[in-house]
Amino acid sequence: MFTAYGEVKYVRVIQHERGFNRGYSTGRAIVCFGTPGAASSAIGKMNGRVFYGKPMCVEYYKSGYELRKEMFDTYFGRKEHGKMPTKRNTNPVPREPIDPNDAASIKQTYADRLAAFVRPSHPQHYEEITELLLEYDNDQLKAYLETPLLLQTQVDNAATLVTIRALMD
């Protein structure tokens with residue numbers, strides 16, 4: 001269904017975690033495209049299309065943090081927080097020009113930069129570690145990528161979590 005708009009890297013069907021419906025689909029899924037353009041095309045063409053009698057809601061992925069922040073801002077209004085001081089970037093990971101208004105291209109750029117940072121130290125689990133790190137909102141990711149020591153701490157924490165998950169399986 002979504003491959004008509006570009007390369008699909010993976011699909012994750014969201015399932016109920018508790019209760020009577022545990023293990024059954026919630027009717028939601030995450031579709032990860034190979035390029036931001038493919039994602040934009042799919043959103044434009046698939047949003048509102050009827051699937052099994054219900055209109056689909058197709059939008060960019062939002063982490064739990066972003067959803068909570070959006071909900072907070074909706075009910076309590078947007079609050080300006082103090083900005084972190086800017087530092088000279090000493091991160092060896094290359095930067096690519098991105099469209100600052102396109103959340104998908106920003107997230108994809110962060111994913112590429114994180115993968116490039118994680119791959120040398122954790123070659124077998126870099127994809128899982130990168131996915132865990134992408135759960136942070138874009139502001140947090142930007143701060144981590146500008147501070148290599150802080151980023152390495154987060155990578156080590158994520159690697160520990162991946163190892164624990166592997167031991168539990």
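Hydrogens, waters and symmetry mates are skipped; everything else that's a heavy atom, side chains included, is used. In this chain, numbering begins with 1 at the start of the sequence shown.
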Donor-acceptor contact present, side-chain Ser41 to main-chain Gly37, <3.5 Å: no
Joint cluster assignment, Tyr52 & Val58, ILVMFWY side-chain distance < 4.5 Å: yes
Residues Val155, Leu114; criterion side-chain contact (heavy atoms from CB on, under 4.5 Å); working and verdict: CA-CA 9 Å; Val155 168; Leu114 287 170; 5.8 Å; no
Closest heavy-atom pair and its distance - Pro120, Ala116: CD-O, 3.2 Å
Atom pair CD (Gln152) and OH (Tyr144), whose distance is rounded to the nearest 0.5 Å: 13.5 Å
Ring-ring centroid check Phe33 Tyr5, cutoff 6.0 Å: no
Min side-chain heavy-atom separation Asn47-Met56 under 4.5 Å: no
Atom pair CG (Asn157) and CG (Leu133), whose distance is rounded to the nearest 0.5 Å: 9.0 Å
Separation of Asp156 CG from Leu161 CG (nearest 0.5 Å): 12.5 Å
Leu149 atom CG, neighbour heavy-atom count above 12 within 6.0 Å: no
Reported OH-to-OG1 distance for the pair Tyr110 and Thr130, which is rounded to 0.5 angstrom: 15.0 Å
Within one Ile-Leu-Val-Met-Phe-Trp-Tyr cluster: Ile14 and Tyr24, side-chain cutoff 4.5 Å: no
Cluster overlap Phe51 with Val13, hydrophobic side-chain contacts below 4.5 Å: no
Candidate pair Leu132 and Arg165, rule side-chain contact (heavy atoms from CB on, under 4.5 Å), full reasoning: CA-CA 12 Å; Leu132 284 172; Arg165 284 182 179 173; 3.9 Å; yes
Side-chain donor/acceptor of Thr35 to backbone N/O of Ala38, under 3.5 Å: yes
Least distance between heavy atoms, Tyr136 atom then Lys107 atom: O-NZ, 3.0 Å
Validation row: Arg22, Gln15 side chains within 4.5 angstrom (heavy atoms): no
Value rounded to 0.5 Å, distance of CG in Leu150 from CD in Gln140: 10.0 Å
Distance, nearest 0.5 Å, that separates CZ of Arg49 from SG of Cys57: 14.5 Å
Shortest non-hydrogen contact between Val11 and Val8, atoms and distance: CG2-CG1, 3.7 Å
